[in-house]
Amino acid sequence: MNRVYNFSAGPSMLPESVLNRAAAEMLNYEGSGQSVMEMSHRSKVYDAIIKGAEALLREVMQIPDNYKVLFLQGGASSQFAMVPLNLMTKNRKADYVLSGQFSTKAYQEAKRYGDCKVIASSKEDTFSHIPALDKKEFRPDADYFHICMNNTIYGTVYHELPDTGDVPLVADISSCILSRPIDVSKFGVLYAGAQKNVAPAGLTIVIIREDLIGDVQEGTPTMFMYKTHADNESMYNTPPCYSIYMCKLVLEWIKNEIGGLENMEKLNVEKANLLYDFLDNSKLFKGCAEKDSRSIMNVTFVTGDADLDAKFVKEATAAGFVNLMGHRSVGGMRASIYNAMPREGIEKLVAFMQKFEEENA
Ligand SMILES: *Cc1c(COP(=O)(O)O)cnc(C)c1O
């Protein structure tokens, strides 16, 4: 059976060598006589997996020692609440930038727990760019400043971080984690659902500066306190064992086969440029994101005719390019080209788009 090129926004493709390795280790992991799915999370053999995954994540992302890495559940969406419950504890104020649907959801959730200010929004322009930020609007007494770094639905990304001074910067990096190097020391908290670029669904990664762990708002459930998980090395309760194992294999792939995040970025930029160069020269297809906000992970485009968009998606699916339909809220097309999408998949997609353009001119 042939594998398809899967352009899904998440869950999404995993590297083939990782899937092969997981298959080979399925029935008997390292002589334990069991699969990783079946073993006790308190066993010695599993302990090496979770510790190994954390050590690799620290190495690959160059996470400073004063940050904790937490392997949680509940998706990035749970962080929309966990961040305010744990961080909005001094002045009960937080600043939010609205650059798409997920940052808006994060803001709406945080509003339930304190005074949240919208610093800027690009909603008027259907979130086709990262909004310009006026530093005079930032509140120096905010407990944190929240952004969504890569906007999965619209295909935009911050190319420059807001300068928030002493106010901790919190970023949702669900759809760009591990796509390129980032300076972790510039952030108070980074969080990501793993199902875009790291592992199967079920794992949420939180990277948090140690001094931000401690106080919580009254009534915060134990499972929603960062301290609970930090004090118990992500083993307060059963962690998402298998996803953490897959995360470890993906990190080994990035380290050993790709050669680290600098190489990963280079490959990702080359892949994205294949598609953007085609879109910029096409007479039929047009990119949706403004050029200075373009994401290298999610590429959004339209023909300008909804019926033709639907025809394209249908024919692409039949040709083995699946999940190219845009998010249900915006329509059009979206090619999510995360780390595991091979360059060949994009080359073939571009050739297919070229042919479609000729046939439908
Ligand atoms: C997918 C996504 C989410 C939602 O993640 P869940 O793990 O499904 O809760 C949040 N933010 C961004 C940027 C995403 O891409």
Side-chain angles (χ1 to χ4, degrees), residues 6-14 70-85 94 96-110 121-123 126-131 144-159 161-162 169-180 182 187 189-207 223-224 229 234 239-240 242-244 246-247 250 268 272 288-289 293-300 323 325-330 334-341:
N6 179 9
F7 293 90
S8 168
S12 42
M13 290 183 86
L14 286 161
L70 308 177
F71 293 129
L72 309 181
Q73 304 193 51
S77 302
S78 290
Q79 294 308 309
F80 299 166
M82 216 164 160
V83 166
L85 285 169
Y96 277 74
V97 178
L98 306 191
S99 55
Q101 203 181 94
F102 290 118
S103 53
T104 304
K105 281 186 173 169
Y107 162 71
Q108 278 162 351
E109 184 70 15
S121 168
S122 48
K123 184 165 188 248
T126 354
F127 298 118
S128 61
H129 59 93
I130 301 294
Y144 65 90
F145 188 107
H146 183 280
I147 61 169
C148 176
M149 186 103 93
N150 187 81
N151 298 279
T152 324
I153 295 173
Y154 310 91
T156 63
V157 73
Y158 283 78
H159 289 292
L161 290 177
L169 183 59
V170 175
D172 178 352
I173 56 168
S174 293
S175 51
C176 59
I177 184 172
L178 300 178
S179 65
R180 62 183 176 91
I182 57 172
F187 298 87
V189 181
L190 292 164
Y191 64 87
Q195 68 275 20
K196 316 285 165 69
N197 227 359
V198 191
L203 167 65
T204 309
I205 295 175
V206 173
I207 301 165
M223 275 292 287
F224 266 52
H229 301 285
S234 303
Y242 198 77
S243 287
I244 293 169
M246 289 296 286
C247 165
V250 167
N268 283 332
C288 300
S293 296
R294 280 175 167 176
S295 164
I296 56 170
M297 293 281 98
N298 312 95
V299 179
T300 49
N323 290 316
M325 202 193 293
H327 189 269
R328 60 191 182 277
S329 63
V330 288
R334 170 178 53 176
S336 294
I337 49 173
Y338 298 118
N339 288 352
M341 170 60 68

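It should be emphasised that the depicted structure is a prediction, and the values quoted were computed from it without experimental measurement. Both counts, for ligands and for their atoms, begin at 1 and track the order of listing.
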Nearest non-hydrogen protein atom to atom 3 (C) of ligand 1, with distance, is Phe102 CE2, 3.4 Å
May I ask you to identify the nearest protein heavy atom to atom 11 (N) of ligand 1, giving residue, atom name and distance to one decimal place in Å?
Asp172 OD2, 2.6 Å
Between His146 and Tyr96, what is the ring plane arrangement, given parallel below 30°, perpendicular above 60°, and tilted in between?
parallel
Could you walk me through whether Tyr338 and Asn298 pass side-chain hydrogen bond (donor to acceptor under 3.5 Å, both in side chains), step by step?
CA-CA 8 Å; Tyr338 298 118; Asn298 312 95; 3.1 Å; yes
First locate atom CD1 of Ile296, then atom NE2 of His159, and finally report the distance between them rounded to the nearest 0.5 Å.
8.5 Å
Quick one: which of Gln195, Met297, Gln73 has a heavy atom closest to atom 8 (O) of ligand 1?
Gln195
Got the closest protein heavy atom to atom 5 (O) of ligand 1, with its distance?
Ala76 CB, 3.5 Å
Under a 4.5 Å cut-off applied to non-hydrogen side-chain atoms, are Ile147 and Ser99 in contact?
no
Against heavy atoms of Asn150, which atoms of ligand 1 measure under 4.0 Å?
13 (C)
Per-atom contacts of ligand 1 with Cys148, taking only distances under 4.0 Å to non-hydrogen atoms
13 (C)
Calculate, to the nearest 0.5 Å, the distance between atoms CZ and OG1 belonging to Arg334 and Thr300 respectively.
8.5 Å
Give the numbers and elements of all ligand 1 atoms closer than 4.0 Å to a heavy atom of Thr152.
12 (C), 13 (C), 14 (C), 15 (O)
Residue part near ligand 1, for Thr204, under 4.0 Å between non-hydrogen atoms
neither
Test side chain to side chain contact (heavy atoms under 4.5 Å, CB included) on Gln101 and Thr152 and set out the steps.
CA-CA 9 Å; Gln101 203 181 94; Thr152 324; over 6 Å; no
Which protein non-hydrogen atom lies closest to atom 2 (C) of ligand 1, naming both residue and atom, and how far is it?
Lys196 NZ, 2.5 Å
Show me which atoms of ligand 1 lie under 4.0 Å from any heavy atom of Gly75.
7 (O), 9 (O)
At what distance is the nearest protein heavy atom to atom 9 (O) of ligand 1, and which residue and atom is it?
Ser77 OG, 2.6 Å
Correct closest heavy-atom pair for Tyr154 and Thr126 would be CD2-O, 3.4 Å
Scanning both residues in full, the closest heavy-atom pair of Phe224 with Met82 reads O-CG, 3.2 Å
Is Asn6 reaching over with its side chain to a backbone N or O of Ser12, donor-acceptor style, under 3.5 angstrom?
no
Taking a cutoff of less than 4.0 Å between a non-hydrogen atom of the residue and any ligand atom, is Gly10 in contact with ligand 1?
no
With backbone taken as N, CA, C and O and side chain as the heavy atoms from C-beta onward, which portion of Ala9 lies under 4.0 Å from ligand 1: side chain, backbone, both, or neither?
neither
